[in-house]
Amino acid sequence: MALRVYNTLTRTKEDFQTVIPGQVSMYLCGPTVYKPAHIGHMVGPVIFDTVKKYLAYSGYVVKFVINITDVDDKLIVKAAEKGTTVKALAEQMTADYFDNLKLMGVDSIDHFPYATDHINDMLEMIQKLIEKGHAYPLNGDVYFAVETDDDYGKLSNRSISQMLAGTRVEANDTKRNPADFALWKSSKPGEPAWDSPWGPGRPGWHIECSAMSAKILGESIDIHGGGLDLMFPHHENELAQSECCSGKPFARYWLHNGLMQSGKGTGKVGGAHSKHGDAPASGATVGSPSSAEDTAAAQIAGKLAGSAGAESVKTAVFAHHAPEVVRFFLLSTHYRSPIDFSMENISATEKSLEGFYRLFETVERIAGVSYFGLAAPTTQATATSLEGLPPEFAAVLVEQRTKFLDAMDDDFSTGGATACLFEIRRILNSFINDKKLEIGGAEADKAALLTGVRLLKELTNILGVLKTAPAKKGGTSDGLADGLMALILDIRADARTNKNWPVADKIRNALKALNIVVEDSPTGARWTRG
RNA sequence: GGCGCCGUAGCCAAGUGGCUUAAGGCAACGGAUUGCAAAUCCGUCAUUUCGUCGGUUCAAAUCCGACCGGCGCCUCCA
């Protein structure tokens, strides 16, 4: 099966064919760095990071760019409020953004161009648009003339007249058409400004993406991504500017991810980025809390959705759950669907992952190999070979890998793909049981198990999930606790040998009350902090 | 008003014309295993059923229409 992707431009699923065979250029609209990133801002990066990982696995050489918009009206306002400079605020918020990307395992971005490093590229583009008659200066501003672009509206499927009907347009507008948008904005004293042929000013929103995309990836790129909220006006305008300037198709495939929502009946938490700011939709209330968990969810959702006291992802979510749980959650549904954020949903995801961590512990006991340190093939061309494995075992594993890749080929259906991960988990556990690997077993079977585990790793790497051991399971952090537990379990083992069940059970129950879980196995008792 | 999106089991969610008399996970319930548990495995868990009602078709969760319910966007200055 070959890759097919849903293209917003054509509203259909199309066969994926790149401008240059074997290569993919991808651009994702990044954040305006004026406040800490929240969970909604991570949706786009996680999805497109996964897209890149899959394309790379499929054999493409991928160049992936996310821009940092570090000059914008919102930045100016926010910096003034905080009594700091635009530059300082932008640097601080960019650092926060990067921190969060790192935690989410978003590690495949090749370039993070900053808008302020590319003012000249933008000026050149604006100049060219004026020369071609697509833009005009007006009182120190420069506007794009939408009527000069016959295709204007093709991405969001609307015509200029439709857009204007139903919207209140200010009468005082001196623009040629009320739908014309700014390429360059004159600045007031004290605002960040760059010299231009039209006087000091700063770039309008949209032009930075057109200029940087062309500069770094070329005038025609393969994939342009972003949140659904950016389709209009941002992407429509980018598209118009870029194509009018270059005379070439701007992007072959436009991919838009669904927005995160917070609880039932509430507004979006945010798109992949905060180009629009992220004022919550009206009525963004969270249902009345009925438990501690709900209360936490309500507080967090409130913080995320609220414009005041914006809390970073780190403090709001990662404090309670491993970042990779959040990543898995984001990938558990299709990228074009909206996803409901709640602590309840995150907890459910965490629970569903426990079986994987247990399997990894079992594998480590059997083969002495840590899943998290295991190397696995990174391309389909070098995929894990299952030759020499018991035929039935190999057959079911291959079936799942095929299903996984078919799902990914079908417009990156990560939700469908995850089902295969759970199936493989079951297959591996079954194999461990059948071959009695926990209590010995044949070396050949242990090797076969490891091959199966490597195949699982091959697939989880594509999604960028299950890369980190869950925190604080078992002992290790405290030598005294380890020693005491060893002693206690030794005494309990004696009791069990003597069939002194009351004592054995008393110890186990008492430890449980201390949040220590004891599990017996043929090879002895194990304990973990619950 | 315009342009769109969504509605699948208690919950999350895949599937967009026949290969599916609807994946997978969580929860639940049987069984194997265990001294008893836990974990794991096996089984059960939507059978005119995929928001409702019509229609198209040999065939629809999947296409069309209407309706109900939920939601997004309709530009910088809001």
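Numbers restart at 1 for each chain; the letters A, B, ... are given by sequence-line order, proteins then strands.
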The side chain of A:Asp520 lies closest to which of these nucleotides: B:C36, B:C41, B:C74?
B:C36
Nucleotide of B:G24, B:G15, B:C76 approaching A:Glu423 most closely (side-chain heavy atoms):
B:G24
With the side chain of A:Arg11 defined as its heavy atoms from C-beta on, choose the nearest nucleotide among B:G4, B:G35, B:G24.
B:G4
Using a heavy-atom cut-off of under 4.0 Å over every strand shown, decide if A:Asp73 touches base, sugar-phosphate, or nothing.
sugar-phosphate
May I ask which nucleotide in the shown strands pairs with B:G30, Watson-Crick or G-U wobble, both distances under 3.5 Å?
B:C42
B:C36, B:U75, B:C42: which one has an atom nearest the side-chain heavy atoms of A:Asp505?
B:C36
Among the nucleotides B:A39, B:U75, B:G24, which one has an atom lying closest to any side-chain atom of A:Phe422?
B:G24
Among the candidates B:C76, B:A23, B:A14, find the nucleotide nearest to the side-chain atoms of A:Lys403.
B:A23
Ignoring hydrogens and angles, are the base of B:A37 and the side chain of A:Arg508 linked by a donor-acceptor pair under 3.5 Å?
yes
Re B:G4: Watson-Crick or G-U wobble partner, both distances kept under 3.5 Å, found to be B:C71
Sugar-phosphate only, base, or nothing, as touched by A:Arg526 at under 4.0 Å among non-hydrogen atoms
nothing
Considering only side-chain heavy atoms of A:Asn157, which listed nucleotide, B:U40, B:G25, B:C3, is closest?
B:C3
Parallel, tilted or perpendicular, judged at 30° and 60°: which one describes the rings of A:Phe360 and A:Tyr371?
parallel
Gap in Å between the two C1' atoms, one belonging to B:G10 and one to B:C29, rounded
14 Å
NA contact type, A:Ala348, heavy-atom cut-off 4.0 Å: base, sugar-phosphate, or nothing?
nothing
Measure from the side chain of A:Lys185, starting at C-beta and using heavy atoms only, and say which of B:C76, B:G35, B:A14 lies closest.
B:C76
Of A:Arg496 and A:Leu353, the one whose nearest nucleotide on RNA chain B sits closer to the 5' end is A:Leu353
Contact class for A:Gly204 (heavy atom, under 4.0 Å): base, sugar-phosphate, or nothing?
nothing
Between the base of B:G35 and the ring of A:Trp501 - centre-to-centre under 5.5 Å, planes within under 30° - is that a stack?
yes
Which of the following nucleotides, B:A27, B:C73, B:C12, is nearest to the side chain of A:Phe232?
B:C73
For A:Ser521, answer base if it contacts any base atom (sugar-phosphate contacts may also be present), sugar-phosphate if it contacts only those atoms, and nothing otherwise; contact means non-hydrogen atoms under 4.0 Å.
nothing
Taking the minimum atom-to-atom distance to the side chain of A:Ser352, which one of B:C26, B:U40, B:G35 wins?
B:C26
Any strand: nucleotide that pairs with B:U20 via Watson-Crick or wobble, under 3.5 Å:
none
RNA chain B nearest-nucleotide lookup for A:Asn345 and A:Lys351: closer to the 5′ end is A:Asn345
